[in-house]
> 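One structure follows; several queries about it will come next.
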There are 2 protein chains.
Amino acid sequence: MIYAGRMPVTVLLVDDEPLVRAGLRAVLEAQSDIEVVGEAADGAAVIPLVRRLRPDVVAMDVRMPLLDGIEATRAVLRTVHEPPKILVVTTFENDEYVYEALRAGADGFLLKRARPAEIVHAVRLVAEGESLLFPASVRRLAAEFGDGGGNRAAREALERARLTEREGEVLRLMARGLSNAEIAARLVVGTETVKSHVSSVLAKLGARDRTQAVIAAYEAGFVTPG
Amino acid sequence: MIYAGRMPVTVLLVDDEPLVRAGLRAVLEAQSDIEVVGEAADGAAVIPLVRRLRPDVVAMDVRMPLLDGIEATRAVLRTVHEPPKILVVTTFENDEYVYEALRAGADGFLLKRARPAEIVHAVRLVAEGESLLFPASVRRLAAEFGDGGGNRAAREALERARLTEREGEVLRLMARGLSNAEIAARLVVGTETVKSHVSSVLAKLGARDRTQAVIAAYEAGFVTPG
DNA sequence: CCGGGCCTCCCCCGCCCGGGGGAGACGATC
DNA sequence: GATCGTCTCCCCCGGGCGGGGGAGGCCCGG
């Protein structure tokens with residue numbers, strides 16, 4: 001995984017709170033293979049900075065004045081050639097905006113309360129090109145309810161993830177390896193209906209395809225392996 | 001899941017050993033919702049029996065005289081309209097023939113040494129239309145190595161599943177949600193190569209698509225959730 | 001030396017998947 | 001009564017996926 005002599009990962013910090021920027025900078029600059037190349041306090045300043053600095057990763061807050069993280073993400077991806085990886089930074093897990101940002105093309109998200117090691121890890125991962133989805137956030141949902149796996153716990157977690165009851169059913173069947181047609185047969189509805197639910201699930205989980213959604217289900221303890 | 005007043009699941013037993021047939025019959029007939037409607041001692045007798053009895057499920061031995069389970073499975077699926085679900089019965093986990101049978105279109109497999117409750121469960125599941133893949137077999141691989149999750153244990157399990165080293169790498173990346181193109185980039189090979197490996201993995205695990213393969217990986221402890 | 005397994009890559013092809021957008025029906029809520 | 005969310009279904013469309021078959025290079029073991 002670690003290639004000797006590789007160039008350091010360059011990061012642009014975008015957050016309206018200086019304290020947060022300072023914290024991120026401190027955490028990231030402690031790593032020899034990560035370099036913070038710039039900072040911005042709002043979304044509007046991002047585009048020119050990205051063009052000038054060409055960072056590998058943009059750590060982007062969601063809630064910001066002038067231009068929020070979602071719009072900023074869209075703007076960067078739409079206007080910049082070979083855009084940087086975008087890591088959405090947020091205070092709350094299950095922030096609705098986070099999912100919108102992921103839909104807008106962000107590569108991952110990160111909780112501000114995450115431990116330094118996690119933050120560093122997240123930056124390295126997105127820099128490597130990996131879609132860093134549902135890492136701490138979704139997983140923590142299950143942890144909040146005991147050992148996550150029981151029926152009630154899973155149901156609670158599902159609500160927190162803002163999945164509707166039907167979407168939860170669909171996700172569970174997806175996690176058993178069923179195709180859309182098979183799920184439709186099982187639920188006695190049309191395949192188009194299932195497709196609709198699947199799309200909602202993918203959007204809400206920030207997953208790109210059903211495989212990632214199933215991974216999220218396992219990671220969150222929605223399904224019990226073994 | 002259980003619909004009141006549903007018709008019982010009808011099963012045809014195909015095995016060259018009378019003892020095995022008797023055992024299966026005893027186990028299955030103990031259930032009020034399962035009915036054994038016929039028996040055959042070799043693969044050649046299966047087709048006419050299926051046409052006449054129209055069973056919901058065929059419990060099919062792999063190693064049989066005249067026509068083995070693989071050829072019999074192919075024959076049934078090719079010649080019978082609205083074919084029954086086929087549950088492959090075998091003595092050995094990791095029997096190469098099992099995977100071939102799954103590729104031939106079988107809906108699941110079952111170990112003869114399985115507990116009665118597992119056997120009943122398997123029949124009900126395939127009757128419901130679920131592809132019953134890698135249930136005991138793959139899962140047991142991990143169980144043989146402690147709590148299955150460590151690096152060495154997973155590697156050993158992979159070998160048992162007859163996956164090559166490269167196929168194991170590909171499976172791990174699949175289980176992280178990567179697309180074929182992303183895997184290709186990560187491994188620095190062509191996408192056609194990755195597709196080739198993925199196909200091998202699917203065949204060996206008896207999975208229909210990458211999602212089922214990832215489920216197998218989680219179930220077997222190839223990847224550690226949480 | 002000649003298989004055989006593995007890794008690599010190629011072609012063609014059909015299908016399922018997922019995105020986008022829209023719409024009607026229902027119940028709850030305001 | 002109007003609005004919102006959910007569930008249901010529809011259209012079009014592109015792209016990734018998976019199957020099938022083939023092929024060349026490599027190393028190891030018979």
Side-chain angles (χ1 to χ4, degrees), chain A residues 74 77-78 96 99-100 102-106 131 133 158-159 161-175 177-216, chain B residues 74 77-78 96 99-100 102-106 131 133 158-159 161-175 177-216:
Chain A
R74 282 206 191 90
L77 296 180
R78 203 173 44 219
E96 290 184 24
Y99 299 119
E100 279 208 58
L102 291 170
R103 295 190 68 179
S131 302
L133 302 171
L158 279 175
E159 288 175 18
R162 299 194 164 279
L163 292 186
T164 67
E165 196 177 339
R166 203 56 158 170
E167 288 162 356
E169 289 184 71
V170 170
L171 176 56
R172 265 185 274 269
L173 293 175
M174 287 163 69
L178 304 198
S179 66
N180 288 341
E182 287 167 340
I183 295 172
R186 188 69 60 91
L187 298 182
V188 199
V189 296
T191 58
E192 295 298 327
T193 302
V194 174
K195 285 179 62 178
S196 176
H197 290 313
V198 170
S199 290
S200 297
V201 170
L202 299 186
K204 289 182 177 177
L205 293 182
R208 189 178 50 195
D209 50 49
R210 68 200 298 108
T211 303
Q212 289 190 349
V214 169
I215 293 171
Chain B
R74 281 207 192 89
L77 296 180
R78 202 172 46 219
E96 291 185 22
Y99 299 118
E100 279 209 59
L102 291 171
R103 293 191 70 178
S131 303
L133 303 171
L158 279 174
E159 287 175 18
R162 301 191 164 281
L163 292 185
T164 67
E165 196 176 339
R166 205 54 160 170
E167 289 161 356
E169 291 184 70
V170 170
L171 177 56
R172 265 184 274 269
L173 294 175
M174 288 164 67
L178 303 198
S179 67
N180 288 339
E182 287 168 341
I183 294 172
R186 187 69 62 90
L187 298 181
V188 199
V189 297
T191 59
E192 295 298 328
T193 301
V194 174
K195 286 179 60 177
S196 176
H197 289 313
V198 170
S199 290
S200 297
V201 170
L202 298 187
K204 289 182 177 179
L205 292 182
R208 189 178 49 194
D209 50 50
R210 68 199 301 108
T211 303
Q212 289 190 349
V214 169
I215 292 171

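Proteins get letters first, then strands, A, B, ... in listed order; numbering begins at 1 in each.
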> For residues Met174(B) and Val214(B), report the shortest heavy-atom separation together with the two atoms involved.
O-CG2, 3.5 Å
> Any donor and acceptor pair, going by atom type alone, linking the side chain of Gln212(B) with main-chain N or O of Arg208(B) inside 3.5 Å?
yes
> How bent is the helix from dC1(C)-dG30(D) to dC15(C)-dG16(D), measuring the angle between the end axes built from five pairs each, rounded to 10°?
10°
> Between the protein and nucleotides 24-30 of chain D, list the N/O to N/O atom pairs that are separated by less than 3.5 angstrom.
none

> For Gly177(A) versus Glu182(A), what's the shortest heavy-atom pair and its separation?
O-OE1, 4.2 Å
> In this structure, which one of Val201(B), Leu178(B), Val170(B), Val198(B) forms a side-chain contact (heavy atoms from CB on, under 4.5 Å) with Arg210(B)?
Val198(B)
> Sequence neighbours left out, what passes side-chain contact (heavy atoms from CB on, under 4.5 Å) with Thr191(A)? Give chain and number order.
Ala181(A), Ala184(A)
> Under the side-chain contact (heavy atoms from CB on, under 4.5 Å) rule, collect the residues that match up with Ala185(B), sequence neighbours excluded.
none
> Could you go over nucleotides 7-10 of chain C and give all protein N or O partners under 3.5 Å, atom names and distances?
residue : atom : partner   : partner atom : Å
dC7(C)  : OP1  : Thr164(B) : OG1          : 3.4
dC7(C)  : OP1  : Arg166(B) : N            : 3.2
dC7(C)  : OP2  : Thr164(B) : OG1          : 2.6
dT8(C)  : OP1  : Arg166(B) : NE           : 3.4
dT8(C)  : OP1  : Arg166(B) : NH2          : 2.9
dT8(C)  : OP2  : Arg166(B) : NE           : 3.0
dT8(C)  : OP2  : His197(B) : NE2          : 2.9
dC9(C)  : OP2  : Gly190(B) : N            : 2.5
dC9(C)  : OP2  : Thr193(B) : OG1          : 2.5
dC9(C)  : O5'  : Thr193(B) : OG1          : 3.3

> Go through the structure and list residues passing side-chain contact (heavy atoms from CB on, under 4.5 Å) with Thr193(A), not counting sequence neighbours.
Val189(A), His197(A)
> At a cut-off of 3.5 Å, list every protein nitrogen or oxygen paired with a nitrogen or oxygen from nucleotides 15-18 of chain C, distance to 0.1 Å.
residue : atom : partner   : partner atom : Å
dC17(C) : OP1  : Asn180(A) : N            : 3.2
dC17(C) : OP2  : Asn180(A) : ND2          : 3.3
dG18(C) : OP1  : Arg210(A) : N            : 2.6
dG18(C) : OP2  : Arg210(A) : NH1          : 2.8
dG18(C) : N7   : Lys195(A) : NZ           : 3.4
dG18(C) : O6   : Lys195(A) : NZ           : 2.8

> Taking Arg172(B) first and then Glu169(B), would you say they form a salt bridge - that is, a charged N and a carboxylate O separated by under 4.0 Å?
no
> Would you mind reading off the distance between Glu169(A) atom CD and dT6(D) atom P, rounded to a whole angstrom?
14 Å
> Residues two or more places apart in sequence or in another chain: which of them pass side-chain contact (heavy atoms from CB on, under 4.5 Å) with Ser196(B)?
none
> Looking at NZ of Lys195(A) and CD1 of Ile183(A), how far apart are the two atoms once the value is rounded to the nearest 0.5 Å?
13.0 Å
> Is any side-chain heavy atom of Leu173(B) closer than 4.5 Å to one of Val194(B)?
no
